[in-house]
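Values below: every heavy atom of this structure, side chains too, minus hydrogens, waters and symmetry copies. Chain identifiers are assigned alphabetically (A, B, ...) following the order of the sequence lines, protein sequences preceding nucleic acid strands; residue numbering begins at 1 within each chain.
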Protein chains: 2
Amino acid sequence: MEATSVNQVLDRAEVLCQGRGVRLTAQRRRVLSILCASPRPLGAYEILDAMRDGSRALAPPTVYRALDFLLEQGLVHKLESLHAFVGCNHPEHPHSSQFLICNACGEVTEIEDEAIARSLRTAARETGFRAQRRVVEVIGTCAGCAEKGR
Amino acid sequence: MEATSVNQVLDRAEVLCQGRGVRLTAQRRRVLSILCASPRPLGAYEILDAMRDGSRALAPPTVYRALDFLLEQGLVHKLESLHAFVGCNHPEHPHSSQFLICNACGEVTEIEDEAIARSLRTAARETGFRAQRRVVEVIGTCAGCAEKGR
DNA sequence: GGGCGGGACGTTATATCGTATCCAAACATA
DNA sequence: TATGTTTGGATACGATATAACGTCCCGCCC
């Protein structure tokens, strides 16, 4: 993501948090900005590395706490199959999206497909299951990489 | 799963592997049987504990290798959101199923919902994505636990 | 049977991911 | 300023997963 775009995301996140009465502190903002600036998902320790500031190294709990907050606020998503995190494209409304993960180039596309969401709701309802969280990750090859025969 | 049923699964797995020209060795059989006998998903280290035999403790790679094989053969599934594994209900045909995971009682239900599968295929096709693996896990409360107000 | 090759397994060590705990600093509120 | 709450720093540890290397065993061919 380009710098301008990252700033837009941060500004929107700021507005969202103010509206919700929660604090987007410097650390949280920093983690969000690192994630949004990355073209690929990042592991917690990669974020940690990116946050190190001169010689001073932060400890894992710092990053995990910030991530917990950002996850709760829907500002980032966790990719369970990668043990990694991505910034969210559209944190405005609560949503449960799906991810297409290319294992050739590493790119991850977040989609919000109503047909998938609907079929998940239907399947859950049929068994009386009350869904709280949905993990939908499709691992494979993106169009670009498939074309290049990767 | 009851003993008879576990044996049935093992026997079917044996037949499947023979048909495919791969070997369901003693270790692999052991891991599969532990998983099938468990009412809940098990972590790799839980399997490891279950495999210890008198004083002799096995090392993690032993279990992970067996799990890799069983995953490849579609005899077990990995639940990414739990870092745990379950035996497969119907390994006969290649399939990609979905999981309903109750975080109250720990029970996991494997379903094979054609509507979900279809909507995933459609979404992937629209973006030219070639799917290799699908992770679909719904975390929430099962009917029984919801009823009891958990 | 003897030799060969490849797959499976044992073992050690280590990488990677995540959390419990305790205390200090920053902040909001009055 | 006093006070309670939220946030963050630091240490230690637990949980999950893999790299690397050597050995054994099995099937195959001669």
Side-chain angles (χ1 to χ4, degrees), chain A residues 13-14 17-18 20-35 40-73 75-86 103 106 135 137 139, chain B residues 13-14 17-18 20-32 34-35 40-73 75-86 103 106 135 137:
Chain A
E14 189 66 65
C17 288
Q18 284 195 8
R20 293 174 188 169
V22 296
R23 289 161 56 197
L24 185 64
T25 63
Q27 295 280 38
R28 294 165 177 175
R29 206 180 156 85
R30 189 117 168 273
V31 169
L32 180 58
S33 108
I34 289 166
L35 275 178
R40 297 179 309 96
L42 296 177
Y45 282 69
E46 289 180 290
I47 298 171
L48 207 47
D49 286 345
M51 286 179 80
R52 71 178 308 140
D53 188 16
S55 62
R56 235 167 54 105
L58 292 174
T62 299
V63 168
Y64 281 104
R65 280 192 286 238
L67 286 171
D68 285 345
F69 171 86
L70 296 170
L71 286 168
E72 270 173 27
Q73 299 303 321
L75 295 168
V76 309
H77 295 294
K78 174 165 192 180
L79 300 172
E80 294 287 351
S81 65
L82 297 180
H83 305 293
F85 303 85
V86 286
N103 51 20
V135 174
E137 301 173 14
I139 296 98
Chain B
E14 190 66 66
C17 288
Q18 285 195 7
R20 294 173 188 169
V22 296
R23 289 162 54 198
L24 185 64
T25 63
Q27 296 281 37
R28 293 164 177 176
R29 207 180 155 84
R30 190 117 168 274
V31 169
L32 179 58
I34 288 167
L35 275 178
R40 298 181 308 95
L42 296 177
Y45 282 70
E46 290 180 290
I47 299 171
L48 206 47
D49 286 345
M51 286 179 80
R52 74 178 307 139
D53 190 14
S55 62
R56 237 167 51 106
L58 293 174
T62 299
V63 168
Y64 281 103
R65 281 191 287 238
L67 286 171
D68 285 346
F69 171 86
L70 296 170
L71 286 168
E72 270 172 25
Q73 299 302 321
L75 295 168
V76 309
H77 295 294
K78 175 166 192 180
L79 300 172
E80 294 288 352
S81 63
L82 297 180
H83 305 294
F85 303 85
V86 286
N103 51 21
V135 174
E137 300 173 14

Rounded distance (nearest 0.5 Å) linking atom CG of B:Leu75 with atom CG of B:Leu67: 11.5 Å
D:dA17 phosphate, OP1 or OP2: any side-chain N/O from B:His83 under 4.0 angstrom? yes
Between the base of C:dG7 and the side chain of B:Arg65, is there any donor-acceptor pair under 3.5 Å? no
Taking every heavy atom of B:Lys78 against every heavy atom of B:Leu71, the minimum-distance pair comes out as N-CD2, 3.6 Å
Closest to the B:Gln27 side chain, choosing from D:dG9, C:dC9, C:dG18: C:dC9
Nearest to side-chain heavy atoms of B:Thr25, which nucleotide of C:dA8, D:dG8, D:dT11: C:dA8
Rounded to whole angstroms, how far apart are CG on B:Asp49 and P on D:dA15? 10 Å
Assign each of B:Ala84 and A:Leu58 the nucleotide of DNA chain D bearing its closest heavy atom; nearer the 5' end lies the nucleotide of A:Leu58
Grab the CG-P distance between B:Leu67 and D:dA17 for me, whole Å please. 9 Å
Checking D:dA17, C:dG18, C:dT11 against the side chain of B:Pro61 (C-beta onward), the nearest is C:dT11
Determine whether more than 12 heavy atoms belonging to other residues, nucleotides or ligands lie under 6.0 Å from atom CZ of A:Arg20. yes
In whole Å, I'd like the distance from the OH atom of A:Tyr64 to the P atom of C:dT21. 18 Å
Using whole Å, report how far CG of B:Leu70 lies from P of C:dA8. 12 Å
Whole angstrom is fine here: how far is it from CG in A:Leu42 over to C1' in C:dT16? 15 Å
Aromatic rings A:His83 and B:His83: how do their planes relate, parallel, tilted or perpendicular, breaks at 30° and 60°? parallel
CG of A:Leu82 to CG of A:Leu42: how many Å apart, nearest 0.5 Å? 11.0 Å
Grab the CZ-C1' distance between A:Arg52 and D:dA10 for me, whole Å please. 15 Å
Any idea which of C:dT11, C:dG18, D:dA10 is nearest the B:Arg56 side chain? C:dT11
Comparing nearest nucleotides in DNA chain C, the 5'-proximal residue of the pair A:Gly43, B:Val22 is B:Val22
If we ignore hydrogens and angles and just use 3.5 Å, is the side chain of B:Gln27 paired with the main-chain N or O of B:Ala66 as donor and acceptor? no
With a 4.0 Å limit, can you tell me whether A:Lys78 has a side-chain N or O closer than that to the phosphate oxygens OP1/OP2 of C:dC17? no
Heavy atoms from C-beta onward define the side chain here; which of D:dT16, C:dC9, C:dG10 lies closest to that of B:Arg28? C:dC9
Integer-rounded Å distance: C:dA8 C1' and B:Arg30 CZ: 16 Å
So, does the side chain of B:Tyr45 form a donor-acceptor pair with the base of D:dG14 at under 3.5 Å? no
Comparing nearest nucleotides in DNA chain D, the 5'-proximal residue of the pair A:Thr62, B:Ala59 is A:Thr62
Among the nucleotides C:dT11, C:dA8, D:dG9, which one has an atom lying closest to any side-chain atom of B:Arg23? C:dA8
Figure out the CG/P separation between A:Asp68 and D:dT6, and round it to whole Å. 16 Å
